[in-house]
Every structure is written in structure tokens, then in C-alpha cells.
Protein chains: 2
Amino acid sequence: MGILHRDIRSSSDVPLVCRACEARHGGVCAALSPEQLSELSRRSTRHRLDAGTEVVGQGESMERYSNIVRGVVKLTKVMADGRQQIVGLQFAPDFLGRLFLSESAVAAEAATDTEICSFSRGTLDQLVTRTPELGEKLHRQALKELDEARDWMLTLGRKSAQEKVASFLHLIAVNIDPENDSTASFDLPLSRADIADFLGLTIETVSRQFTRLRKENVIRLVNNRQVTVPDMALLTRLAGND
Amino acid sequence: MGILHRDIRSSSDVPLVCRACEARHGGVCAALSPEQLSELSRRSTRHRLDAGTEVVGQGESMERYSNIVRGVVKLTKVMADGRQQIVGLQFAPDFLGRLFLSESAVAAEAATDTEICSFSRGTLDQLVTRTPELGEKLHRQALKELDEARDWMLTLGRKSAQEKVASFLHLIAVNIDPENDSTASFDLPLSRADIADFLGLTIETVSRQFTRLRKENVIRLVNNRQVTVPDMALLTRLAGND
DNA sequence: CGCAGGTTTGAGGTAGATCAATGTCAGTGG
DNA sequence: CCACTGACATTGATCTACCTCAAACCTGCG
């Protein structure tokens, strides 16, 4: 009875919003105790962002951190003359922000309709000092992002246009439709223009590679955004990841 | 007298090799107390690596971590068909290793003659749990490397060959000859082939851009490796960083 | 001297950029 | 219901930056 009671109490300590949160178990929140979770939820606010909404601008000060609850956020860099490069995609339940630095070196923009849960730098700093687990979790994500960035450097520097587009489709398939590994079906979170900026290509080249992959039955397009991949192994091979 | 005595004792607690170490103040060692430093030095070994020596191979297990004491280490990725991309350069006093993962996603190779100070995973893990400062230091370096990787993604994806070579020279100037910011003079740590692999170009294109920059008096070459930059601001502009 | 590794230079080819037109589709309003 | 609009995507024709292939050129070294 005592134990049962404790279970109920401890479960109800987890804030309602968090219990319903799709990002609760994968993200940084997973490192927090129910008490800390309830404290964080009290000090944090939920936001809906329409596709295209900017979260932070390049070089802007970043006084708030966020968790992505739903959707995809793109990280971009722009040169003075307007040339643009997407340097990372973040999926739920990723943490969004740059620890130890108040200026953001990239702009963050919702690529799809997105929900985030955001809180102040101070709130996070407090939680981190009290919970080393949390610091480690953030450290792990940083290293994961570093690995991904370096993978993408190989894609940008050494792959052909077709391999680049295949690599992009592979990346999205793995992150959006991870259940099945022999087949995949998903909605692209990016427009052709965004894909071009992610791959270091032009819109036209991206489009041509899409039609080429379609004609070679590597992908099927139900519309511009919805893609199905009948044979993921084939896509992987075309992406140059052996 | 008492204080003087303490000063001497505490300074002599720092191991001799560490006191003479050029990397002592910038690297992770800076986060350690004299006692911890002496423990680490007891459990670590100094190595000289000739240029070209591999530290770890891509996909190999990495049971040892290192600090770079002197020299430059390149991190590379290779595709199945041999295409290669350098995804990062590490300078003294950087930490070398991938926390939380035993398989390395990249190969690490000494680009120049290099000295490292290496120790086992277990040794570092122990120090990290006892010294949160140290964990934070490593976290900071990971984020710095992430920022650098993303900067380089812009270079790879969106810059012309000339801008790429200028960006490379700028990077080296900043890391090897940081004293002066209006002028620079340094030895290139990489061969033309390595530079090509870093920039996603061919050797020939790199070479042509070098001669072009030389003819336009942006750089002077005393030999293939020694470069002087009379006007760093001009180089910065050519690199597209405004 | 002659050879080897790295670098430069040249001539020609090509993947992807650029420029321009056309197509698709969801709104919106008559 | 159809015409009109605007955002996006596709397709085609041409151009060019960079690649490829090949030869010549250092510079040090047995």
C-alpha cells in the first residue's frame, strides 16, 4: 500500500504537460527527476512556431534555450553576399542552444510547423550545476552533432550531386521514419530551395536529381513533399555509405 | 616564510614534465589541481609522432585519449572508393578523443611532427567524475569544434576555389601565428594533397589558386611550405568572412 | 648523376551553375 | 464553375569553374 501510494504520488509529481510531451523520454528532460521536471516546467513556456519562423538570428544573443517537442529546426549560416548554407537539422527531442556562449553563430529557423519548450539560460545553468547527469546529456548531444557535422562535411566536399541528394533522403528517412529499415515513407521537412542550401547545390540541380532518382525507381513522389523509398539499401548505396 | 615555503612546495608538486609542457595552460590540464596533474602524469605517456603517423583509424576502437603537446593532427574520413575528406585540424593544446563512444568515426593522423601526452579512458573517466571543471572544459572544446565544423561546412558548400584556399590560409594563420593580426608568417602544416582533401578540391586546383594568390601579392611563398601574408585584412576579405 | 616525391603548368572535358521558359497546384474571387 | 494569382517545382539550352589527364619542373638524396 505504502509503495503503491508512493508510485502514484511520484507519477503525479511529473507535470501534466510533461507527461503528455512527446519529447519527454528522449531529450534532456530524461535526465531530470520528477521534482526537477516540475520545476523546469514551471519556469518554461511552450510555443508553436509556424514553418519559417526564426528562433534566433545569426550573431544574435541567445538568452533562452529550448527543447524541440515536435517538428524540424534548421540551422543556417549566411554570407555577406547572401549565399546560404544549412549547417544542421535538429529533430525532436533535440536540445536547441549554444552553452557557454551568448552569441549564436548560426540562425535557427523552424523548417516545419514546430513546437518548442523554452526556458532561460539561468534556469538551465541552475539545473546543470545540481544535476551532473544533465550536463553529460548535453555534452553527449554536442558530440553527436559534431559527428553529424563531420559526416556532412564529407558529403559536401566529396560527393556528386546524385550522392548528395541520396544522402539527404537517407538522413531524412532515418530521422523521420526510423521504424522500418528496408523501406521508408515520409514527408520532406524542407523545400527544394532548403535542400539546395543543405547540399551546397542549386534548386535546379536538386530538382534534376529528384527526377532522375524517380525515373530510376529509387524513390516515388506522391507529391512534391511526400516520398516513399521502396528499397532503403539501394538508397544507402547511392548515398555512398557502404 | 611559511607562505614562501608553501609556494615552493605547491609548485614542486606539479610534475617536471608538466611544468615544462607547452600545452599545460591552454588544454584540459589547466582544469586540474597540482595533485591531479601529478596523478595524470604518472598514468600518462609522452609520444613523438613523425608526420604521417596514424593515431587511430576510422572505425577503430579508441581506448586511449591524448593531449596534443606540439604539432598538428588531421582528422579524416574516407569513402569506400578512396575519396577522402579532412574534417578537422587539431592544434596544441587540444584534447584528442571521442568521449562516450569507443569507436572513432574518423581517422586521426599526425600532419606534422607531433608530440602527444596520452592516457587511458579509465584514467580520464576517474578524473572527470572527481573534477566537474574538467568535464566542462571538454564540453567547451566539443562545442568549439562543432562551431568550427559548421564554419567549414559553409566553406565547403558555398565558397569558390579561391575563397576556399584563402579561408584555409586564414585558418592556419590564426592558429599558427596568432600574435600579429595585420600580418602573418607561418609554415603550412599540410601538403597540397592534404589541403585539397580539406577543401574538397583537387591538388591541381589548389596549386593554381596558390599561384594566383601569389601573383596578386596576397601571399608570398619562400618555399612550398613557408607562407607570409603581408595584409591579413585582404586575405580575410578574399576568404569571404566579412 | 639520376631518381623519387611533391608541385606546377597546360590542354581539353564535364558536372553542375546560370538564365529563361514552362508546368503544377492551392487559394481567391468573380 | 472557371479565370487569375503567386509560390514552388520542373525542364531545357548554354556557359563556366573545376576536374581529368598528361607533361614538365623542382629539390633533396642515395
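A, B, ... follow the sequence lines: proteins, then strands. Residue 1 opens every chain.
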Without decimals, in angstroms, what is the distance between [X] [atom1] and [N] [atom2]?
{"X": "B:L190", "N": "C:dT7", "atom1": "CG", "atom2": "C1'", "value": "15 Å"}
{"X": "A:Q209", "N": "C:dA15", "atom1": "CD", "atom2": "P", "value": "11 Å"}
{"X": "A:F210", "N": "D:dC8", "atom1": "CZ", "atom2": "P", "value": "16 Å"}
{"X": "A:L221", "N": "D:dA9", "atom1": "CG", "atom2": "P", "value": "11 Å"}
{"X": "B:L188", "N": "C:dT7", "atom1": "CG", "atom2": "C1'", "value": "13 Å"}
{"X": "B:R208", "N": "D:dA24", "atom1": "CZ", "atom2": "C1'", "value": "13 Å"}

Notebook entry, point to check: Nearest to the side chain of B:T211 - C:dT8, C:dT7, C:dG10?
Noted result: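 Closest nucleotide among those given: C:dT8.
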Margin query: Closest-nucleotide mapping onto DNA chain D: is A:K215 or A:R158 further toward the 5' terminus? I mean the 5' end.
Written below: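 Its nearest nucleotide being more 5', the pick is A:K215.
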Next item on the list: Enumerate the residue pairs fulfilling ring-ring contact (aromatic ring centres under 6.0 Å, His included) with a member in residues 56-87 of chain B, sequence neighbours excluded, ordered by first and then second residue.
Entry: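 Pairs touching residues 56-87 of chain B that pass the test: B:Y65-B:F95.
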Checklist line | Within residues 206-218 of chain B or reaching into it, pairs that qualify as salt bridge (Lys or Arg N to Asp or Glu O under 4.0 Å) - sequence neighbours excluded | finding: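 Qualifying pairs: B:R212-B:E216.
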Extract all donor-acceptor atom pairs below 3.5 Å that involve side chains of residues 226-233 of chain B and protein atoms in other chains or at least two apart in sequence.
unit_1 : atom_1 : unit_2 : atom_2 : d
B:D231 : OD1    : B:A233 : N      : 3.1
B:D231 : OD1    : B:L234 : N      : 3.3

Check: Side-chain contact, heavy-atom cut-off 4.5 Å: A:K159 with B:M79?
Finding: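 Yes, their side chains come closer than 4.5 Å.
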Notebook entry, point to check: In terms of side-chain heavy atoms, does B:R98 have a donor or acceptor partner in B:S104 at a distance below 3.5 Å?
Noted result: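 On atom types as modelled, these side chains do not qualify, holding no pair under 3.5 Å.
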Please write out the pairs of protein N or O atoms and N or O atoms of nucleotides 22-28 of chain C separated by less than 3.5 Å, giving the distance to one decimal.
none

Item checked: DNA chain C-proximal residues of residues 193-207 of chain A, any heavy atom under 4.0 Å ->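 Only A:G200, A:L201, A:T202, A:E204, A:T205 qualify.
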Next item on the list: Tell me which residues in residues 74-86 of chain B put a heavy atom below 4.0 Å from DNA chain C, sorted by number, or none.
Entry: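 Listed by number, there are none.
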Notebook entry, point to check: Are the side chain of A:D94 and the backbone of A:F91 linked by a donor-acceptor contact shorter than 3.5 Å?
Noted result: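 Answer holds: yes.
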